[in-house]
Amino acid sequence: MKNSIILHGKPDPGQEEYYNPAFPAASNSHWIPWLQKQLIIHDITTQTPEIPNAWKPEYETWRKEFERYDITPETILVGHSCGAGFIVRWLSEHPDVHVGTVVWVAPSLGIDWDTNGFFDFEIDPKLTDRTQKLVILVSDDDRDAIQQAAKKLQATIPGIKYREFHGYGHFTLEDMKTIEFPELVEEILQ
């Protein structure tokens with residue numbers, strides 16, 4: 001049975017957003033709830049874990065939360081920003097794991113912030129061999145560090161599908177002006 005795990009990114013500007021009751025939880029922000037509903041409509045069980053203290057990412061905390069869910073050869077993985085970077089690391093460190101479609105939206109590798117070891121790993125150049133499809137989505141007006149991370153992933157892992165959008169920023173509600181992200185659903189369901 002197909003299932004999906006959608007991982008949010010690191011709240012920005014950080015602690016202020018994480019603890020502010022006016023902001024939704026990271027797992028319920030931007031397009032994540034909308035995407036979850038679209039996948040459920042297609043009979044894909046979908047989880048959106050809320051990572052504790054995501055504003056100061058610690059790899060072991062993320063790993064523990066992520067590994068609570070079944071990960072099978074049919075599992076769809078979607079990560080936004082730091083969540084995408086986490087998935088890169090987790091898959092790179094688990095060479096025996098095969099999954100379905102993997103989509104990294106505005107992937108971060110911590111190029112422009114102190115990662116406290118979060119991104120201390122080697123990218124597995126054979127990741128596409130263990131997925132049904134691997135896709136990177138970036139916007140031409142996202143931060144330079146995100147552009148660099150996407151290019152690094154594309155250069156390191158042969159066979160990645162790379163899609164660049166115009167004017168989507170960091171794929172947040174503020175940048176996209178909508179919670180709907182039909183292009184992402186299209187990539188997952190193709």
Side-chain angles (χ1 to χ4, degrees), residues 3-15 17-18 25-33 35-36 39 46-72 75-128 130-138 142-143 145-154 156-157 160 162 170-172 181 184 187-188:
N3 70 315
S4 178
I5 303 169
I6 306 169
L7 276 183
H8 62 76
K10 177 174 81 75
D12 192 33
Q15 188 174 1
E17 181 180 319
Y18 184 83
S27 63
N28 286 304
S29 62
H30 312 300
W31 41 264
I32 292 173
L35 176 61
Q36 181 179 31
L39 297 178
T46 304
Q47 303 298 326
T48 59
E50 183 68 33
I51 308 297
N53 298 310
W55 59 275
K56 57 172 186 175
E58 294 176 356
Y59 182 74
E60 285 306 309
T61 301
W62 286 63
R63 185 193 59 73
K64 180 180 174 186
E65 292 301 317
F66 181 74
E67 290 178 352
R68 292 179 192 266
Y69 302 96
D70 290 332
I71 300 166
T72 73
T75 300
I76 298 161
L77 299 176
V78 179
H80 178 234
S81 194
C82 185
F86 168 83
I87 293 171
V88 175
R89 178 175 176 175
W90 191 88
L91 287 172
S92 292
E93 293 180 348
H94 292 84
D96 56 324
V97 173
H98 291 257
V99 295
T101 297
V102 177
V103 183
W104 297 325
V105 180
S108 174
L109 294 176
I111 292 171
D112 62 348
W113 51 281
D114 177 13
T115 69
N116 195 29
F118 194 84
F119 291 113
D120 291 348
F121 73 102
E122 293 294 322
I123 298 169
D124 179 358
K126 296 182 180 180
L127 282 179
T128 50
R130 299 185 284 115
T131 67
Q132 291 173 9
K133 177 170 70 169
L134 186 51
V135 183
I136 296 176
L137 306 182
V138 294
D142 203 340
R143 297 187 329 264
I146 300 300
Q147 304 288 339
Q148 291 175 42
K151 287 180 181 17
K152 180 177 181 176
L153 291 167
Q154 189 179 23
T156 306
I157 307 168
I160 288 181
Y162 184 88
H170 196 56
F171 297 90
T172 62
F181 195 173
L184 177 53
E187 284 298 339
I188 292 169

Study note, to complete from the structure: Minimal heavy-atom distance between V135 and L137, with the atoms involved, is CG1-CD2, 3.7 Å

Practice item. Check the angle between the aromatic planes of F171 and F181 and answer parallel, tilted or perpendicular using the 30° and 60° thresholds. Key: parallel

Point to revise | Whether R143 side chain and H170 backbone form a donor-acceptor pair below 3.5 Å | key: no

Review point. Would you say E60 and K64 make side-chain contact, with heavy atoms under 4.5 Å?
Key: no

Review point. So how far is it from L134 CG to Q154 CD, rounded to the nearest 0.5 Å?
Key: 11.0 Å

Check your understanding: Where the side chain of H8 meets the backbone of I51, is there a donor-acceptor pair that is under 3.5 Å apart?
Key -> yes

Review point. Taking only residues two or more places apart in sequence, or in another chain, which ones meet D124 in a salt bridge (charged side-chain N to carboxylate O under 4.0 Å, His left out)?
Key: R130

Review point. Going from CD on Q47 to CD1 on I6, what distance comes out if it is rounded to the nearest 0.5 angstrom?
Key: 9.5 Å

Practice item. Give the intermediate values and the outcome of side chain to side chain contact (heavy atoms under 4.5 Å, CB included) for residues L127 and V102. Key: CA-CA 10 Å; L127 282 179; V102 177; over 6 Å; no

Review point. Got T75 and D70 here, is their nearest side-chain heavy-atom distance under 4.5 Å?
Key: no

Exercise for review: Carefully, step by step, assess Q147 and K151 under the rule side chain to side chain contact (heavy atoms under 4.5 Å, CB included).
Suggested key: CA-CA 6 Å; Q147 304 288 339; K151 287 180 181 17; 4.3 Å; yes

Check your understanding: Do the non-hydrogen side-chain atoms of H80 and W31 ever get within less than 4.5 Å of each other?
Key -> yes

Exercise for review: Locate the shortest heavy-atom distance separating S27 from I32; write the atom from each residue and the value.
Suggested key: O-CG2, 3.2 Å

Review point. Does a side-chain heavy-atom distance below 4.5 Å link L35 with T48?
Key: no

Check your understanding: Where is the tightest heavy-atom contact between S81 and G9, given as atom of each residue plus distance?
Key -> CB-CA, 4.4 Å

Review point. Is it the case that more than 12 heavy atoms not belonging to K152 sit under 6.0 Å from its NZ atom?
Key: no

Practice item. Look at the side chain of K133 and the backbone N and O of E187, then say whether any donor-acceptor pair between them is shorter than 3.5 Å. Key: yes

Exercise for review: Look at the aromatic rings of F86 and F66 and report parallel, tilted or perpendicular, splitting at 30° and 60°.
Suggested key: perpendicular

**Study point:** Aromatic ring proximity, centroids under 6.0 angstrom, F119 and Y59
**Key:** no

Point to revise | W90 side chain reached by V97 side chain, heavy atoms, under 4.5 Å | key: yes

Review point. Side chains of V138 and P107: closer than 4.5 Å at any heavy-atom pair?
Key: yes

